[in-house]
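Have a look at the structure below before the remarks.
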Amino acid sequence: MGLVAASPQPGRGKLMVAGIHPPRSLDLDWLRLLAVLLLIPFHSAAVFYEGELGRFYVADAQSSAGLSVFIEFVHQWHMPLFFFLAGAASWYSLQTRSALAYLRQRLRRLLVPLLIGIPLLVPPQVYIHELQAGQEKGSFLQFYPRFFDGIRPAGHFEWAHLWFLAYLLVISIACLPVMLRLSRETGERAERRTPPAMHGLGALIALAAPLMLSEALLRPHWAGFQNLYDDWANLVLYLLYFVYGALFCSRGGLWCALDRNRRLLLATAGLSMVLLLALSLRGMVPERAYSAPYMVHQAFRGFNSWSWVLALLALARPYRGRSHPLLRYGNRVGFSIVLFHQPLIVLIAFVVVPLPVALTVKFVLIGLTSLLLSAGLHDLLRLR
């Protein structure tokens, strides 16, 4: 998937200070594993969610206030963290690969699964959604040709959860010149050329400004429909996080600032999230428009997301040298979970939702079964 801060290998890649490649950063690997595993409860909870983020492919007639809050909470920082980690992984990759080799690797790891996954993994989800909504009466084989009848909402064609691969591929290619420059400016030379202000708390705060500005100016028009060609709010936001991931890897002073201000970052993230969730629960979120209240609210969302990414990075720092069999296994099956978890959740939820059992039991059953089957498919198909 290209999210892991891959361990550099000997070869023709660029040399670091004193000819040494950057060490494997296990704290980023742990965060990647967390982000991947959170996909399971997040999309399982989406079955019981009702709110401004829309309805899932399969929806239970009974919604859950607790799971809805969980969705709102994770949604604030989950994908920003994914793209930050992807940017960091790309920086590590460019330490041992040429630009051409990097592009080949991106196409193999992102474009190929996207082209294969869309016709295989997405149509069953759309079909089940239509089936539950009472808009489809025929078999899946009868529905399948209609999947290609036009791009949603005009037709049925979409890329569902695979949107992430498309966005990451486009961002990886678009940012290559910047990534190459950051990959060259490493070690002591980069630190000497960096202004002292970029080594402290002020640098971490300053990096929030573009995120806040992007959310305030773009989100009122582009709410977040992930079609890539008309989704500038998400595209710009995730591009910034991608670049920030590489920037952190090339500037050790940012990690030092993170370590020195750990408690402050955690407190800031906690308070900002409490305030944001309180506004949502009390129905005080302004209506989407180019108005001062809504733009201020979106700017605050941008600040909150960045605060949580920083807080999670700070929490993971003590684990940067700690390996574990669970981490190694998670790195192997992580991409398979990303690919398979949502189609499995949709299929399992379609069967489980009508059962006369408690909502909590449904949630656990959907999540646990999809996790086990995702890992099982990885082993069955012998995927890398």
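Partners of Ile171 by side-chain contact (heavy atoms from CB on, under 4.5 Å), not counting sequence neighbours, listed by chain and number: Phe83, Cys175, Leu235, Tyr238, Leu239, Phe242. Remark: Ser63 pairs with Glu50 by the side-chain contact (heavy atoms from CB on, under 4.5 Å) rule, at least two apart or across chains. With sequence neighbours excluded, the residues that form a side-chain contact (heavy atoms from CB on, under 4.5 Å) with Ile118 are Leu114, Phe147, Phe157, Trp159, Leu162. Applying the salt bridge (Lys or Arg N to Asp or Glu O under 4.0 Å) rule to Glu130 yields no partners; only residues at least two apart in sequence or on another chain are considered. Listed by chain and residue number, His43 satisfy the side-chain hydrogen bond (donor to acceptor under 3.5 Å, both in side chains) test with His341 (two or more places apart in sequence, or in another chain). With sequence neighbours excluded, the residues that form a side-chain contact (heavy atoms from CB on, under 4.5 Å) with Thr268 are Leu264, Phe303, Ser307.
Both Leu38 and Phe48 belong to a single network of hydrophobic side chains, linked directly or stepwise wherever heavy atoms of I, L, V, M, F, W or Y lie under 4.5 Å apart. No chain of hydrophobic side-chain contacts below 4.5 Å, direct or via other Ile, Leu, Val, Met, Phe, Trp or Tyr residues, connects Leu275 to Leu277. One hydrophobic cluster, built from ILVMFWY side chains closer than 4.5 Å, cannot hold both Met212 and Leu218; they sit in different ones. Connection of Leu31 to Leu37 is established within a shared hydrophobic cluster, with ILVMFWY side chains joined at heavy-atom distances below 4.5 Å, either directly or through further cluster members. Val353 and Phe42 fall within the same hydrophobic cluster, where Ile, Leu, Val, Met, Phe, Trp and Tyr residues are linked whenever their side-chain heavy atoms come under 4.5 Å apart, directly or through other members.
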| request: Could you give me the CA-CA distance, side-chain angles and deciding distance for Arg317 and Leu313, then say whether side chain to side chain contact (heavy atoms under 4.5 Å, CB included) is met? | output: CA-CA 6 Å; Arg317 288 288 284 166; Leu313 290 170; 5.7 Å; no
| query | Step by step, would you call Leu131 with Phe140 a side chain to side chain contact (heavy atoms under 4.5 Å, CB included)? | reply | CA-CA 10 Å; Leu131 206 60; Phe140 175 69; over 6 Å; no
| field | side chain to side chain contact (heavy atoms under 4.5 Å, CB included) between Met273 and Trp308, worked out | value | CA-CA 8 Å; Met273 184 64 77; Trp308 271 89; 3.3 Å; yes
| request: Please lay out, stage by stage, how Leu67 and Val47 fare under the test side chain to side chain contact (heavy atoms under 4.5 Å, CB included). | output: CA-CA 9 Å; Leu67 291 178; Val47 176; over 6 Å; no
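Here the side chain of Ser305 pairs a donor or acceptor atom with the backbone of Gln76 at under 3.5 angstrom. No side-chain donor-acceptor contact under 3.5 Å links Asp231 to the backbone of Asn227. Side chain of Gln125 to main chain of Val346: no donor-acceptor pair is present (N/O by atom type, distance under 3.5 Å, no hydrogens or angles). Counting only distance, with no hydrogens or angles, the side chain of Ser93 and the backbone of Ser90 share no donor-acceptor pair below 3.5 Å. Distance alone, capped at 3.5 Å, is enough to place a donor-acceptor pair between the Tyr167 side chain and the Leu228 backbone. At distances below 3.5 Å, not a single donor-acceptor pair connects side-chain atoms of Arg320 with backbone N or O atoms of Leu26.
Note: Tyr144 OH to Ser139 OG = 13.5 Å, rounded to the nearest 0.5 Å. Distance OG/Ser250 to CZ/Arg184: 12.0 Å, rounded to 0.5 Å. The distance from the CG atom of Leu372 to the CG atom of Leu377 is 11.0 Å, given to the nearest 0.5 Å. Arg106 contributes atom CZ, which lies 11.5 Å from atom CG of Leu111 (distance to the nearest 0.5 angstrom). Distance check, rounded to the nearest 0.5 Å: CE of Met79 to CG of Leu237 gives 10.5 Å. A distance of 12.5 Å separates CZ of Phe148 from NE2 of His156, quoted to the nearest 0.5 Å.
When Trp306, Trp91, Phe84 are each tested for a ring-ring contact (aromatic ring centres under 6.0 Å, His included) with Tyr244, only one passes: Trp306.
Residue pairs meeting the salt bridge (charged side-chain N to carboxylate O under 4.0 Å, His left out) criterion with at least one partner in residues 59-75, sequence neighbours excluded, are Asp60-Lys362. The list of salt bridge (charged side-chain N to carboxylate O under 4.0 Å, His left out) pairs with a residue in residues 140-166, not counting sequence neighbours, reads Glu136-Arg146, Arg152-Glu158. Pairs passing the side-chain hydrogen bond (donor to acceptor under 3.5 Å, both in side chains) check and including a residue from residues 77-88, sequence neighbours excluded, do not occur. Listed by first and then second residue, the side-chain hydrogen bond (donor to acceptor under 3.5 Å, both in side chains) pairs involving residues 168-180 amount to none (not counting sequence neighbours). Sequence neighbours left out, the pairs with a member in residues 202-222 that pass side-chain hydrogen bond (donor to acceptor under 3.5 Å, both in side chains) are Glu215-Arg219, Glu215-Arg301, Arg219-Asn234, Trp222-Asp230.
Within the 4.5 Å cutoff, the side chain of His297 has heavy atoms near those of the Leu276 side chain. Within the 4.5 Å cutoff, no side-chain heavy atoms of Leu327 are placed close to those of Tyr319. Looking at heavy atoms from C-beta onward, Arg104 lies in side-chain contact with Leu100 at the 4.5 angstrom threshold. You'll find the side chain of Leu94 stays beyond 4.5 Å of the side chain of Leu182, heavy atoms only. Contact check for Leu207 versus Phe248: side-chain heavy atoms found under the 4.5 Å cut-off. Val112 places none of its side-chain heavy atoms less than 4.5 Å from the side chain of Leu107.
Annotation: Trp255, atom CH2; neighbour count of heavy atoms from other residues, nucleotides and ligands within 6.0 Å is above 12. Residue Phe70 places its CZ atom among more than 12 non-hydrogen atoms of other residues, nucleotides or ligands, all under 6.0 Å distant. Counting heavy-atom neighbours within 6.0 Å of Leu53 CG, excluding the residue itself, gives a total above 12. By the neighbour-count criterion of 12 heavy atoms within 6.0 Å, atom CD of Glu287 is sparsely surrounded, having that number or fewer from other residues, nucleotides or ligands.
Looking at every heavy atom in both residues, Ser44 comes nearest to Ile40 through OG-O, 2.7 Å. The minimum heavy-atom distance between Ala269 and Ala311, with the atom names listed, is CB-CB, 3.8 Å. A pairwise comparison of heavy atoms in Ile366 and Ile348 identifies CA-CG2, 4.0 Å as the closest pair. In plain terms, the two heavy atoms of Leu359 and Gln62 that are nearest each other are CD1-O, 3.6 Å. Counting all heavy atoms, side chain and backbone alike, Gly334 lies closest to Val36 at O-CG1, 3.7 Å. His129 and Tyr57 get closest at one heavy-atom pair: ND1-O, 3.1 Å.
Other residues sharing the hydrophobic cluster of Leu213, ordered by chain and number and joined by side-chain separations under 4.5 Å: Leu217, Tyr290, Met295.
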